[in-house]
Amino acid sequence: MTDSKTPANGATDYRATLNLPDTPFPMRGDLPKREPGWVKQWDDDGLYRQLRESRAGAPLFILHDGPPYANGQIHMGHAVNKVLKDMIVKARQLAGFDAQYVPGWDCHGLPIENAIEKKHGRNLGRDEMQAKSRAYATEQIALQKADFQRLGVLGDWGRPYRTMDFANEAGEIRAFKRVIERGFVYRGLKPVYWCFDCGSSLAEFEIEYADKKSQTLDVAFECAEPAKLAAAFGLETLAKPAYAVIWTTTAWTIPANQALNLNPELDYALVDTERGLLILAASLVEACLQRYGIAGTVLTTTLGKQLGGLNFRHPLAAVHPGYDRLSPVYLADYATADDGTGLVHSSPAYGLDDFNSCVSHGMKIDDILNPVQGNGSYAPDFPLFGGLNIWKAVPTIIDTLRDAGRLLATQTITHSYPHCWRHKTPVIYRAAAQWFVRMDEGEGVFTKDKAPQTLRQMALAAIEQTGFYPQNGQARLRDMIANRPDWCISRQRSWGVPVPFFLHKDSGELHPRTMEILDQAADIVEQGGIEAWSRVTAEQILGADDAPHYTKSSDILEVWFDSGSTFMHVLRGTHANNHGSLGHHDSGPEADLYLEGHDQHRGWFHSSLLLSCAIHGQAPYRGLLTHGFTVDSQGRKMSKSLNNGIEPQVINQKLGAEIIRLWVAASDYSGDIAGDDKILARVVDGYRRIRNTLRFLLANVSDFDVAADSVGPDELLEVDRFALARASELQDEILAHFQVYEFHPVVAKLQVYCSEDLGAFYLDVLKDRLYTTAPKSLARRSAQTALWHITQAMLRWMAPFLSFTAEEAWAVFAPGRGSIFKQTYWPLATPDAALLAKWAAIRQVREAVNKAIEDLRSAGGVGASLQANVTVTAPPETHALLASLGDDLKFVFITSAVTLQAGADGSALAVDVTAATAPKCERCWHYRDDVGSDPAHPTICGRCVSNLHGEGEVRHIA
């Protein structure tokens with residue numbers, strides 16, 4: 001019977017004598033099929049809870065989740081956001097922190113109401129709308145949760161936070177009460193952004209700008225006091241009727257005009273024309289007359305301040321008695337000569353500057369005309385235009401002005417105009433009685449302990465104490481806070497946390513027990529949700545005596561108040577200080593990090609900052625990280641209309657979530673993140689490189705028992721010590737990147753490390769020693785010791801982003817040790833700078849040798865590098881460096897023989913390559929003169945004989 005190492009012909013099978021690598025870790029990841037199994041295992045095992053237990057008592061790291069909206073399937077932007085959060089949390093977990101991540105959802109607000117209205121119509125009662133909205137949000141959360149888990153995101157999925165949870169709804173009311181106590185809340189009638197599609201007011205950060213076509217109008221207002229006007233211009237009388245001419249892009253506001261604004265320091269001209277005497281800014285006369293197609297002569301000029309208080313007639317005064325009113329001139333700096341006529345018409349219900357100007361000049365709130373209803377139509381009884389939609393009414397208004405002889409010109413222009421960011425439709429300013437959070441000095445309702453500074457002052461100071469990633473986010477947020485108006489926090493909808501106020505029917509004043517009622521409302525909502533408050537009657541809260549005199553507010557808090565207050569009702573409320581859930585630091589309620597797309601400078605970051613400063617006087621976060629949007633390779637934002645998106649669900653099934661994770665990690669998220677099929681194909685190539693390197697490492701330590709086989713630091717071969725020093729150097733760089741939430745440099749360096757440091761050098765050099773030396777020899781165990789430590793470190797480096805692969809490899813490498821995420825970064829010795837420098841120089845020489853061998857190979861002179869004999873002539877310093885490697889130099893160059901010669905001082909390195917003439921060893925493939933020196937083994941070399949049957953060769957360096 002033949003030995004297993006002896007073929008039937010009697011010759012020895014030397015391949016079977018090699019220590020060939022072996023591992024159950026497959027070359028193919030087969031990610032789409034295998035990843036769902038790991039997701040299920042993590043869930044079944046309660047891995048997140050295990051991780052919390054493994055870090056009990058460790059320093060906290062809290063990344064507070066900016067809640068995605070519970071509406072619709074997740075897209076690639078969601079995937080980028082969640083993967084980035086997951087990588088950061090895992091990197092901190094591996095750094096030894098109790099790195100907690102509780103996912104959340106934003107559940108109230110208009111998008112869900114709109115979805116319900118599309119399905120069930122717009123006439124649902126409040127109770128039905130709330131019930132259907134809650135059910136809908138619950139369904140959407142379940143779908144999104146499954147998709148987020150499929151991406152390998154670890155978190156407390158069994159106990160996420162939802163803004164619609166009863167306790168969070170109640171917590172939000174309590175946060176609202178605290179903002180009131182600090183003196184920031186007041187009720188005011190002032191113009192706010194209003195969306196007709198939403199049927200509600202909008203906050204500043206719900207506005208985006210887009211191009212809109214509008215009709216410009218030049219409209220003449222006849223002077224009602226010609227004698228006073230003549231005197232203001234220094235004339236005795238006026239020979240013709242005189243008109244103040246305004247220019248506007250909002251024709252629909254003309255019917256509600258109540259004043260005119262002129263700049264007190266601007267020169268105005270009285271121009272004699274065939275259309276009468278026209279008052280225009282002196283610098284704009286020529287342009288205006290050209291626009292009107294008429295000639296004119298300037299009679300005289302005067303400063304705007306001489307015209308203050310003069311009365312003009314509404315341009316439709318002669319058309320309908322409902323417009324027979326005066327428009328007084330109010331002086332205002334915002335009237336400029338930049339364009340138009342230098343005169344601004346004022347409809348105080350529909351412009352913030354107009355409103356402030358009219359009120360400051362003594363106009364009573366009750367006298368402000370506000371005919372535009374919440375649905376975008378004029379009130380039914382409004383003269384001439386009642387019941388018309390304001391946009392559709394524009395041609396009628398223009399025709400009516402023309403027929404009245406008051407229209408001097410009209411043109412179509414395209415200009416930037418505010419739009420609702422949900423509906424993409426134009427919005428207007430519209431005066432409405434709303435609740436506001438005050439930015440600057442002023443009185444609030446029911447102030448108990450007034451904040452020492454204004455909200456703007458506190459927020460700007462807090463920004464200076466916050467870390468920004470990238471840094472330019474600081475200036476962006478600072479500018480937004482510095483210039484923002486008061487925050488309108490009330491909305492006229494159903495699905496949201498109530499503003500639990502009762503207003504006196506006559507005076508409009510809040511009930512004197514309002515602060516008690518807020519506590520009562522919070523308790524009711526905590527037991528039964530916002531629906532329970534909706535069912536409460538005034539009689540139940542106020543009693544029979546007061547109830548008839550008060551109206552229960554039907555307003556809700558806008559949705560940015562929901563998510564903006566989560567630092568209080570989540571971090572310090574529903575998920576505070578419970579082991580395994582969100583806690584907070586001893587120094588305060590701040591999270592370590594808030595992380596969202598850069599549009600959230602005007603959204604969640606913004607509202608969270610304002611509310612935390614209002615309540616606590618400080619930001620709710622220590623750091624703010626922003627990422628860009630997902631775009632295609634041409635830089636276009638991914639959208640359904642362009643059909644240029646890549647959907648995470650499709651990529652999961654096609655390539656695996658691991659590829660999405662690696663793509664996110666490899667992208668510089670500080671700008672937009674480009675992705676398409678070609679980009680992902682390159683990511684797949686990078687993944688294979690890392691996986692193949694990992695497989696080599698695992699295969700070559702499969703028979704290594706660290707307890708029995710490990711080689712001490714002083715006994716390690718020099719190249720192994722260098723490899724560990726290089727790994728330690730790289731680890732220092734990687735951990736420094738992780739510290740500031742950077743991943744794309746880590747991926748780039750890891751890929752170079754796998755291909756260059758390991759694949760093209762260290763592992764290439766090691767193969768001979770690993771495969772040909774005796775299995776338990778010092779030479780082989782030294783190499784395995786280094787590889788074992790490198791594997792320990794590398795698995796941890798990649799775990800934050802290649803989580804599935806790291807977990808799969810960890811199960812092979814350290815069976816029975818649980819999840820890799822219970823581990824911490826592997827301790828490596830401080831990098832030996834001298835050793836690193838020495839081997840960097842040796843590798844440079846090796847590159848020159850490789851090039852010379854490749855040149856001869858291309859010419860057909862040799863095949864593999866082992867077939868080459870190399871002569872290196874080196875200047876003294878390099879010669880000494882190479883000579884220190886002794887006979888092991890040939891193993892570093894992977895050649896069969898090396899001759900080292902000393903060159904003169906200042907000479908260049910020279911490499912000469914010839915083909916080996918010695919016979920080839922059947923076992924190690926080296927070309928050596930001692931092949932067959934042992935008659936018992938005629939086909940192998942002397943060192944293979946020693947490694948198989950003798951004491952084994954001695955290696956010193958490589």
Side-chain angles (χ1 to χ4, degrees), residues 2-7 9-21 700 703 709 711 715-720 762-786 842 846 849-850 853 856 861-872 882-901 911-958:
T2 59
D3 184 86
S4 61
K5 297 180 182 178
T6 306
N9 62 9
T12 301
D13 177 9
Y14 285 110
R15 178 178 171 79
T17 69
L18 297 171
N19 311 307
L20 294 178
N700 279 285
D703 67 334
D709 304 329
V711 173
E715 295 180 272
L716 289 173
L717 271 63
E718 186 175 310
V719 75
D720 298 330
Y762 181 58
L763 302 184
D764 206 21
V765 169
L766 278 195
K767 287 175 184 174
D768 182 85
R769 180 156 43 112
L770 285 169
Y771 299 168
T772 68
T773 60
K776 297 182 180 181
S777 65
L778 173 65
R780 184 163 180 267
R781 291 308 194 199
S782 174
Q784 287 182 308
T785 299
I842 292 170
R846 185 174 185 269
V849 170
N850 285 344
I853 293 172
L856 186 59
V862 293
S865 65
L866 285 173
Q867 198 176 343
N869 287 342
V870 175
T871 299
V872 177
L882 299 176
S884 72
L885 306 189
D887 196 38
D888 283 4
L889 182 59
K890 65 176 180 291
F891 297 120
V892 173
F893 291 162
I894 314 181
T895 57
S896 291
V898 176
T899 302
L900 185 60
Q901 298 179 161
V911 179
D912 182 54
V913 182
T914 58
T917 56
K920 178 181 179 181
C921 173
E922 184 183 334
R923 182 172 181 270
C924 71
W925 295 5
H926 280 244
Y927 291 77
R928 293 170 58 100
D929 290 328
D930 64 352
V931 171
S933 58
D934 186 336
H937 306 283
T939 61
I940 63 175
C941 66
R943 71 185 190 101
C944 280
V945 172
S946 177
N947 284 331
L948 283 174
H949 306 291
E951 295 182 359
E953 66 177 316
V954 176
R955 298 282 190 98
H956 299 285
I957 305 293

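For reference, positions follow the sequence shown, starting with 1. Reckoned from all heavy atoms, side chains included, excluding hydrogens, waters and symmetry mates.
- D929 CG: 12 or fewer foreign heavy atoms inside a 6.0 Å radius.
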Subject >> Verdict with reasoning, Y771 to R923, per side-chain contact (heavy atoms from CB on, under 4.5 Å) >> reply: CA-CA 10 Å; Y771 299 168; R923 182 172 181 270; over 6 Å; no

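- When all heavy atoms of A783 and L766 are compared, the pair lying nearest together is CB-CD2, 3.7 Å.
- Using a distance-only test at 3.5 Å, with no hydrogens or angles considered, no donor-acceptor pair links the side chain of S896 to the main chain of Q867.
- Smallest separation of non-hydrogen atoms from P919 and V931: O-CG2, 3.6 Å.
- Under the 4.5 Å side-chain criterion, counting only non-hydrogen atoms from C-beta, R15 is in contact with L20.
- The line from CG of D930 to CD1 of I940 is 10.0 Å long, rounded to the nearest 0.5 Å.
- H937 and H949 have parallel rings, their planes meeting at less than 30° on a 0 to 90° scale where 60° marks the start of perpendicular.
- In this structure, F893 and R846 approach most closely via the heavy-atom pair CE2-CA, 3.8 Å.
- The backbone N or O of E922 lies less than 3.5 Å from no partner atom in the side chain of T939, so there is not a single donor-acceptor pair.
- D720 is not listed as a side-chain neighbour of T785, based on a closest heavy-atom distance of 4.5 Å or more.
- The shortest non-hydrogen separation linking I853 to V862 is O-CG2, 4.1 Å.
- With hydrogens and angles disregarded, a donor-acceptor distance shorter than 3.5 Å links the side chain of Q784 to the backbone of N700.
- For the atom pair SG of C921 and CG of L866, the computed distance is 10.5 Å after rounding to the nearest 0.5 Å.
- Under the 3.5 Å distance criterion, the side-chain polar atoms of D888 are matched with a main-chain donor or acceptor of H956.
- Atom CG of D912 is separated from atom CD of Q901 by 8.5 Å, given to the nearest 0.5 angstrom.
- A distance-only check finds a donor-acceptor pair linking the side chain of R769 to the backbone of A779 [under 3.5 Å].
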**OP:** Check the pair V892 / V719 against side-chain contact (heavy atoms from CB on, under 4.5 Å), numbers first and verdict last.
**Re:** CA-CA 9 Å; V892 173; V719 75; 5.7 Å; no

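- Of all heavy-atom pairs spanning S782 and L717, the tightest one is OG-N, 3.0 Å.
- In this structure, L900 CG and T871 OG1 are separated by 9.5 Å, a value rounded to the nearest 0.5 Å.
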Subject >> Residues C924, R943; criterion side-chain contact (heavy atoms from CB on, under 4.5 Å); working and verdict >> reply: CA-CA 9 Å; C924 71; R943 71 185 190 101; 3.5 Å; yes

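- A side-chain donor-acceptor contact under 3.5 Å links T17 to the backbone of Y14.
- The backbone N or O of L770 lies less than 3.5 Å from a partner atom in the side chain of R780, making a donor-acceptor pair.
- Remark: the backbone N or O of V711 is not paired with any side-chain donor or acceptor of E715 at under 3.5 angstrom.
- The shortest non-hydrogen separation linking N947 to G952 is OD1-CA, 3.4 Å.
- A donor-acceptor contact closer than 3.5 angstrom is absent between the side chains of R955 and T773.
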Original post:
Could you walk me through whether K890 and D768 pass the salt bridge (charged side-chain N to carboxylate O under 4.0 Å, His left out) check?
Top reply: CA-CA 11 Å; K890 65 176 180 291; D768 182 85; over 6 Å; no

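- S946 contributes no side-chain N or O that, together with a main-chain N or O of G942, makes up a donor-acceptor pair within less than 3.5 Å.
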**OP:** In sequence, state the C-alpha distance, the side-chain angles, and the governing distance for N869 and V913, and then conclude on side-chain contact (heavy atoms from CB on, under 4.5 Å).
**Re:** CA-CA 6 Å; N869 287 342; V913 182; over 6 Å; no

